[in-house]
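Working notes, structure below.
Everything numeric here is computed off the predicted structure, so don't read it as measured data.
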Amino acid sequence: QVQLVESGGGLVQAGGSLRLSCAASGCKYDTSFCMYAMAWFRQAPGKEREFVATSSWRRGSEFYADSVKGRITLTRDNVANKVYLQMTSLKPEDTAVYYCAAGDLMTSDEHDYSTWGQGTQVTVSS
């Protein structure tokens, strides 16, 4: 079975940067054959889960939520089977648990993703 593990969260001051990673494992062959797309979501305390970014393993393309465009970049390492979320100019409202997810569609709908990591906490202080 495919497993996802996030890492890289922590405490950062407003305006700072963090780089989150999500490692995928459990695919028999190339990861792209087990999951078409991977995505990042986040959930702040007391709020609903929010889409952040998604990308395809086979395509060199990504799309982002309007709230993070220009501040967040999703990249892929096809050899290491990892996706990264580079976050800059962080704001207190970016504070949340960040989750990576895998699914068969490149979409912003969390219900389209079947495999989820455990999440990594990002806290941005003012």
Side-chain angles (χ1 to χ4, degrees):
Q1 301 294 324
V2 175
Q3 295 91 38
L4 304 175
V5 179
E6 304 97 332
S7 62
L11 176 65
V12 63
Q13 295 184 49
S17 301
L18 282 175
R19 184 179 177 88
L20 308 182
S21 66
C22 177
S25 63
C27 187
K28 186 176 182 180
Y29 300 106
D30 193 283
T31 303
S32 64
F33 290 93
C34 296
M35 57 195 79
Y36 176 77
M38 294 187 68
W40 288 92
F41 293 80
R42 66 185 183 185
Q43 188 168 24
K47 300 183 68 176
E48 299 296 320
R49 189 169 298 177
E50 176 189 21
F51 168 76
V52 178
T54 186
S55 70
S56 169
W57 283 107
R58 301 181 183 180
R59 299 179 181 179
S61 61
E62 309 84 30
F63 74 87
Y64 302 89
D66 290 339
S67 60
V68 301
K69 286 182 179 178
R71 300 190 298 116
I72 290 181
T73 302
L74 191 157
T75 57
R76 302 169 300 277
D77 185 335
N78 294 325
V79 176
N81 297 319
K82 292 182 178 180
V83 294
Y84 303 92
L85 197 70
Q86 178 66 51
M87 305 188 294
T88 61
S89 301
L90 285 165
K91 306 173 182 179
E93 49 264 45
D94 294 318
T95 295
V97 177
Y98 284 71
Y99 299 90
C100 65
D104 297 327
L105 296 173
M106 191 174 173
T107 175
S108 61
D109 189 343
E110 64 178 311
H111 298 102
D112 290 328
Y113 294 87
S114 58
T115 303
W116 293 79
Q118 83 290 342
T120 185
Q121 177 71 50
V122 172
T123 302
V124 184
S125 64
S126 60

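Annotation: side chain of V68 is in contact with side chain of R42 (closest heavy-atom distance under 4.5 Å). Looking at S67 and E93, their side chains never come closer than 4.5 Å, going by heavy atoms from C-beta outward. Counting heavy atoms from C-beta on, the side chains of S17 and T88 come closer than 4.5 Å.
Tested against F51 for a ring pair (Phe, Tyr, Trp, His ring centres under 6.0 Å), the candidates Y99, F63, Y98, Y113 yield a single pass: F63. The only option from L4, T54, N81 that meets the side-chain contact (heavy atoms from CB on, under 4.5 Å) definition with M38 turns out to be L4.
Listed by first and then second residue, the disulfide (SG to SG under 2.5 Å) pairs involving residues 56-90 amount to none (not counting sequence neighbours). For residues 78-117, the disulfide (SG to SG under 2.5 Å) pairs, not counting sequence neighbours, are C22-C100. Screening residues 26-63 for disulfide (SG to SG under 2.5 Å), with sequence neighbours left out, gives C27-C34.
Of the possible polar contacts, one joining the Q118 side chain to the E6 backbone as a donor-acceptor pair under 3.5 Å is found. Of the possible polar contacts, none joining the S21 side chain to the Y84 backbone as a donor-acceptor pair under 3.5 Å is found.
Taking CG of D112 as the start and CE of M106 as the end, the distance is 13.0 Å to the nearest 0.5 Å.
Here the closest heavy-atom approach between residue L74 and residue W40 is recorded as CD1-CD1, 3.5 Å. Counting all heavy atoms, side chain and backbone alike, G9 lies closest to V122 at CA-CG2, 4.2 Å.
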As a quick check of understanding, evaluate salt bridge (Lys or Arg N to Asp or Glu O under 4.0 Å) for K91 and D94, giving each step before the final call.
CA-CA 5 Å; K91 306 173 182 179; D94 294 318; over 6 Å; no
